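Note sheet for the following structure.
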2 protein chains.
Amino acid sequence: MNIQGEATKKPVHKTGENTPGNPAAAAPRASRGPSIADVAREAGVSAQTVSRVSNGLTNVEESTKKRVVEAMKRLGYRPNRAARALKSGRFKSIGVIMFSLTSFGNMRTLDAIATAAAQAGYSVTLIPLEGPTPGMVTGAYDRLREQEVDGVIIIFEAHLLDQADITVPEDLPAVVIDSAPKSGYTMVDTDQAEGARLATSHLLGLGHTNVWHIGGPTTSFSAKHREASWRATLHDAGIEAPPVMNGDWSTDSGYQIGRELARNPDVHAIFAANDQMALGAMRALHELGRAIPADVSIVGFDDLDESTSFWPPLTTIHQDFQTVGRLSIEHLLQKIAGQSPANDATTVGTHLVVRKSTAAPAH
Amino acid sequence: MNIQGEATKKPVHKTGENTPGNPAAAAPRASRGPSIADVAREAGVSAQTVSRVSNGLTNVEESTKKRVVEAMKRLGYRPNRAARALKSGRFKSIGVIMFSLTSFGNMRTLDAIATAAAQAGYSVTLIPLEGPTPGMVTGAYDRLREQEVDGVIIIFEAHLLDQADITVPEDLPAVVIDSAPKSGYTMVDTDQAEGARLATSHLLGLGHTNVWHIGGPTTSFSAKHREASWRATLHDAGIEAPPVMNGDWSTDSGYQIGRELARNPDVHAIFAANDQMALGAMRALHELGRAIPADVSIVGFDDLDESTSFWPPLTTIHQDFQTVGRLSIEHLLQKIAGQSPANDATTVGTHLVVRKSTAAPAH
DNA sequence: TTCAGAGATGTTTGCGTAAACATCAAACAA
DNA sequence: TTGTTTGATGTTTACGCAAACATCTCTGAA
């Protein structure tokens, strides 16, 4: 009420005094909240002083500041970010481009990003993509540029951007997760190589003479990196890597591949590129009567909260999604602030979590 | 390159010709993209005409429009949403407030929301909350108001808002998911009652004489509703409901409660309020030697993609997250457009998916 | 006393856009 | 012819904010 009254009392502006044929009652224009000018009037100061208080500048006398703050409260004033952004060119918002919200790993990373961004006073704008086709990527970029964000975090293979004939505008800070180093972008990611090596070595150390691999999609750098490291680890042990079948991260794809592997009596050790595919593979093994871990050992990658409760509880590689998300934001904010112009690559460590899905081979 | 070159050629503006003591080279002011005025100059028309083309208004001659579009392309023009928002009061953005990104159900819903919003030309701004305490909710609202969104979707119990002494500003359209009907907000949700009834009836129909329940957190309306419906279904069958233990949706909480239930020889049928807790409970049952479904039957709620691959594959209630998300956006956009002022409640149907975790009792 | 310096506060201005209004030419009716 | 309508286009203005600059009021030193 009070506010309303004040708000409508707004200035007549200097729009020339001559508007005689005023058409009926002015439309009750969609109530915009009180502006900085309203607060200024209420507090008896200038708009600029209100702005200073609003932005926490120091050079305002204590009593004045108090008066302004009270006026703000009374009017329920909230700064208008659109105006602020228009004026300052800063949006206090970062965009996240990702393909799918259905991959648990991405979810966890997004969660961490959102939390870290919020703590830094940034909001997160989501741009979901439907698939890794050039068109989809382009569309996202257009949208992000329109949206005007201060920077972006991209959670997929950066070379897809290149394929799509896109370069991130040089003035738009970007951080890439799940991509190759030296892609030309700042990068933060889990140490995929270490994780895959840990998983493979664990199985080898148990006495297995070979390790099969359920790979992730070939469009994913994480997947490719994990596979390469698995292959290298086998090679270092003098073992020739068996053929790889690639899933799409989904549980069902793991199940399909798992059925193939389960039918092969030579398979006694499996390294799945993520926990979800490992889960699917375990179902296939169960269905085909292969005991885990007595007959077949399996290791996953991710360490989801759920993996402890898979049956049997899954031995897996722990990924620190939290840290990846946090570091991404940190690096991005630094770039936004104009620091750290280097396109560096940061890697977050992993570790092996041994549970019940692996054991020494029977023979 | 080309674009770059054009962009830097930007107007000198009419900032008064007299700036003699110009300090060195003018700071290479953060390159703002080309504005509507640049396009207008390039195309030899007025800014207003460019605006008309940009907004797809019809009253522009074809040849003129073409000239403008070409100029836009040449300059790489993108409308500035901040300016547009400032002018129009519309932000083409909707906010999503949610507690946790770690609950799979919320994730799936968020995914659907983001997709539907994108299709409607809206972006999604994420506001993660750390917990259901009043302070957290308040903070989120402040942030959302500052962020200036056209509407919000709230994925949690609406009464928490009331507890927090907050009312959604009447002029801010809102849709609530996972909340009680008649909460005063427009509501979209899965038909919790139907789902819980389906689950309970299924177990009863199999011949079980009682059904235990693993409940969700008491702060969740979904959880309370599922529990109430389970209780009512038992009551209708002349059965007194056994005591309920409440988890927090997490797999681990399901495991803890599952261990209690597994130790009780009377327990032969369990309805878990979500699939994750069912997974945890199944692990507990396995560990304590209770066969599923020979000795104990269990039904979940959600029907995650993973549930097919749990061991045994989980019988569960299918929730259509996709539809819930899509309808939320539809209703919200209607409210934003000023239509459908009624605070109605929309319910999305469920169905039972029978897999391998349920069977008739032994004897 | 006089003035320089420092800090508080006010005034002007423009960010990019679109509504409101103004103008102008062509088409048409009287 | 002359005026009226219609559609295309240009001009002015304000959206809310915060830089840049201007002013004003104290201190304290010369």
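Quick note on labels: first sequence line is chain A, next is B, and so on, each numbered from 1. Nothing here was measured: the structure is a model prediction, and the numbers come from that model.
- Regarding L57(A), its CG atom lies at a distance of 11 Å from the C1' atom of dA19(D), rounded to whole Å.
- Remark: C1' of dC15(C) and CG of D38(B) are 13 Å apart, rounded to the nearest angstrom.
- With distances taken from any side-chain atom of I36(A) to the nucleotides dG10(C), dC17(D), dG10(D), the minimum falls on dC17(D).
- Using a 4.5 Å heavy-atom cutoff, the side chains of I113(A) and V96(A) are in contact.
- E330(B) and R326(B) are joined by a salt bridge, as a carboxylate oxygen and a charged side-chain nitrogen come within less than 4.0 angstrom of each other.
- Heavy atoms of T64(A) sit under 4.0 angstrom from primed sugar atoms or phosphate atoms, though from no base atom.
- Along DNA chain D, the nucleotide nearest S46(B) and the nucleotide nearest A83(B) are compared for position; the residue whose nucleotide lies closer to the 5' end is S46(B).
- Rounded to an integer number of Å, the gap from N55(B) CG to dA19(C) C1' is 11 Å.
- Comparing dG16(C), dA18(D), dT11(D) against the side chain of K87(B) picks out dG16(C) as the nearest.
- Using modelled atom types, one finds no donor on one side chain facing an acceptor on the other under 3.5 Å when comparing S51(A) with R84(A).
- Atoms CZ (R90(B)) and P (dC15(D)) sit 18 Å apart, rounded to a whole Å.
- Here dG10(D) is the nucleotide among dG16(D), dG10(D), dG16(C) with the atom lying nearest to any side-chain atom of Q48(B).
- Nucleic acid contact for V45(A): sugar-phosphate only, since backbone atoms but no base atoms lie under 4.0 Å from a heavy atom of the residue.
- At whole-Å resolution of the value, CG in L86(B) and P in dG14(C) are 17 Å apart.
- In terms of phosphate contacts, N80(A) brings no side-chain nitrogen or oxygen within less than 4.0 Å of OP1 or OP2 of dC15(D).
- For T49(A) and dG10(C), the shortest distance from a side-chain N or O to OP1 or OP2 is below 4.0 Å.
- In this structure a side-chain-to-backbone donor-acceptor pair under 3.5 Å is present from N80(B) to A82(B).
- Atom CD in E62(B) sits about 14 Å away from atom C1' in dG7(D), given to the nearest Å.
- Proximity of a side-chain donor or acceptor of R81(B) to a complementary backbone N or O of K92(B) within less than 3.5 Å is detected.
- Note on E61(A): only backbone sugar-phosphate atoms sit closer than 4.0 angstrom, heavy atoms only; bases stay farther off.
- Which of dG10(D), dA18(C), dC17(D) sits closest to the side chain of R52(B) comes down to dG10(D).
- Remark: P of dA18(C) and CZ of R84(B) are 4 Å apart, rounded to the nearest angstrom.
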